[in-house]
Protein chains: 2
Amino acid sequence: MTGQPVDFYFDFSSPYGYLASHRIDHIAANHHRETLWRPILLGAVFKVSGGRPLSESPLKWEYSTRDFARSARLANVPFALPEPFPFSGVAASRAFYWICEKDRFLAKDFAKAVFHAAFAEGLDMGAVEQVAAVADRVGVEPKSLLTALGEPAVKEMLKIEVDEAIARGVFGSPFVIVDGEPFWGHDRLPEVDAWLASGGW
Amino acid sequence: MTGQPVDFYFDFSSPYGYLASHRIDHIAANHHRETLWRPILLGAVFKVSGGRPLSESPLKWEYSTRDFARSARLANVPFALPEPFPFSGVAASRAFYWICEKDRFLAKDFAKAVFHAAFAEGLDMGAVEQVAAVADRVGVEPKSLLTALGEPAVKEMLKIEVDEAIARGVFGSPFVIVDGEPFWGHDRLPEVDAWLASGGW
């Protein structure tokens, strides 16, 4: 692998983040790049940006639920909207960074398992017990995880990530940064691919 | 031409509407479809949807100005952000529908001239005199236009269009409807193309 890793920011509760998670590694690998998966909390971001969840936007919400399913069908990816939606990504994100400290490949497997549980199975990944159960699926000991989730140092890791993301201008999910160049949205992945290929335009 | 026309909704002050205006007719024509260009007012839409101008969204606005220019470079389309931004599309939209009653091809030429004046030349197309001057460029008599803009029947034409757009779920610009299927955003044009080719998925 050559060059800086590609930053892949997402909220676990983001359907377009889920869709992008199926493609970002392939795109980066085609250009000999690694990816850094960085879960964040859109709720915290929205406090700065003034954004709000799609589910609270009349007209846009009806369109979005249609577009989630349509985009997933086009990408040939299973899709179910979890109940409730959006869910809190706090527990899953803290778990991610805790796992990542020990094994970043395992953390990525965990993230994929969380996305699948939420958006292919429709499970409530805002629930701590569900996060522990999904961690168990990829070989993370659930009891240790549940203990870790309450630790101040683990909470702090996520807070630092969210603050850094906001400082870098991240305001949505997915949000990809390639060599300092920001790309917002699942629909910008072709541009991410082109930017990696060309170095910009 | 076969099939229903493709509805192309946009606000004259929308940079992504401007970008889409360069592609929508080609995409439709490739599938033997006509387009109906339908300017609307995002300000009126936002009162229903709770949306707000990009320029009032911290973080998102900085990203957006970068993305406008980057997307325009990629599409090989000239781009300048007009001052002030956003501008009111009221005069240009009323002018469009007034011209359209007499000649819908001329109305489309006028719309292209307005977009060009705003986003290639950076002119303030919110100003009634500027709208009249641009109408003059495409052969519309500016004095008649200025008189028409004050007529209740002309105001009403735009109001009816905006109300119908909202009733159809239009909440942004550009917004394309193909055989009842809605597509929001310049970045959905590849999907519009694919939908026209396949009849859906």
Side-chain angles (χ1 to χ4, degrees), chain A residues 9 16 40 42 44-76 165-173 175-178 180-195 197-198 200-201, chain B residues 9 16 40 42 44-76 165-173 175-178 180-195 197-198 200-201:
Chain A
Y9 286 101
Y16 295 118
I40 53 162
L42 281 186
V45 172
F46 287 166
K47 279 182 194 159
V48 178
S49 70
R52 57 181 179 157
L54 284 171
S55 55
E56 292 172 20
S57 304
L59 300 180
K60 199 169 175 176
W61 174 239
E62 289 93 81
Y63 173 82
S64 297
T65 53
R66 184 176 191 140
D67 191 64
F68 298 157
R70 185 175 64 191
S71 299
R73 288 197 306 274
L74 187 62
N76 208 18
I166 292 169
R168 296 181 78 188
V170 174
F171 60 85
S173 167
F175 201 101
V176 175
I177 301 181
V178 179
E181 187 72 17
F183 296 89
W184 169 48
H186 173 243
D187 32 37
R188 280 291 174 282
L189 291 186
E191 279 84 349
V192 167
D193 192 22
W195 196 273
S198 67
W201 59 81
Chain B
Y9 287 100
Y16 295 118
I40 52 160
L42 281 186
V45 173
F46 288 165
K47 279 183 193 158
V48 178
S49 70
R52 56 180 180 160
L54 284 171
S55 55
E56 292 172 20
S57 305
L59 300 180
K60 198 170 176 175
W61 173 240
E62 289 92 82
Y63 172 82
S64 297
T65 53
R66 184 176 191 141
D67 190 65
F68 298 157
R70 185 175 65 190
S71 299
R73 290 197 305 275
L74 186 62
N76 207 20
I166 292 169
R168 296 181 78 189
V170 174
F171 60 86
S173 167
F175 201 101
V176 175
I177 302 181
V178 180
E181 188 72 18
F183 296 89
W184 169 48
H186 174 243
D187 32 36
R188 280 290 175 282
L189 291 186
E191 280 84 348
V192 167
D193 193 21
W195 197 272
S198 66
W201 58 82

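A note on names: the letters A, B, ... follow the listed sequences, proteins ahead of strands, and every chain is numbered from 1.
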Search all heavy atoms of [X] against all heavy atoms of [Y] and return the closest pair with its distance.
X         : Y         : result
Leu59(A)  : Val170(B) : CD1-O, 3.7 Å
Arg188(A) : Ser71(B)  : NH2-OG, 3.9 Å
Trp184(A) : Tyr63(B)  : N-OH, 2.8 Å

* Asked: Given the options Arg73(B), Glu62(B), Glu56(B), which has more heavy-atom pairs under 4.5 Å with chain A than any of the others?
  -> Arg73(B)
* Which of the residues Gly169(B), Ser49(B), Ala194(B) is involved in the greatest number of heavy-atom pairs with chain A at under 4.5 angstrom? ->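 Most pairs with chain A among the choices: Ser49(B).
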* Under 3.5 Å: donor-acceptor pair, side chain of Arg66(A), backbone of Pro182(B) -> no
* To do: Side chain from CB out, backbone as N, CA, C, O: work out which of these in Val48(B) comes under 4.5 Å of a heavy atom of chain A, or both, or neither.
  =>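 Val48(B) touches chain A through backbone and side-chain heavy atoms alike.
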* With a 4.5 angstrom heavy-atom cut-off, could you sort out which part of Phe46(B) is near chain A: side chain, backbone, both or neither? => neither
* Out of Leu74(A), Val45(A), Asp67(A), which one racks up the most heavy-atom pairs below 4.5 Å with chain B? ->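 So the answer, after comparing Leu74(A), Val45(A), Asp67(A), is Leu74(A).
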* Asked: Based on non-hydrogen pairs under 4.5 Å, which of Gly200(A), Pro58(A), Ser57(A) is most in contact with chain B?
  ->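 Maximum pair count with chain B is reached by Pro58(A).
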* Is Arg70(A) paired with Glu191(B) through a side-chain N to carboxylate O contact shorter than 4.0 Å? -> no
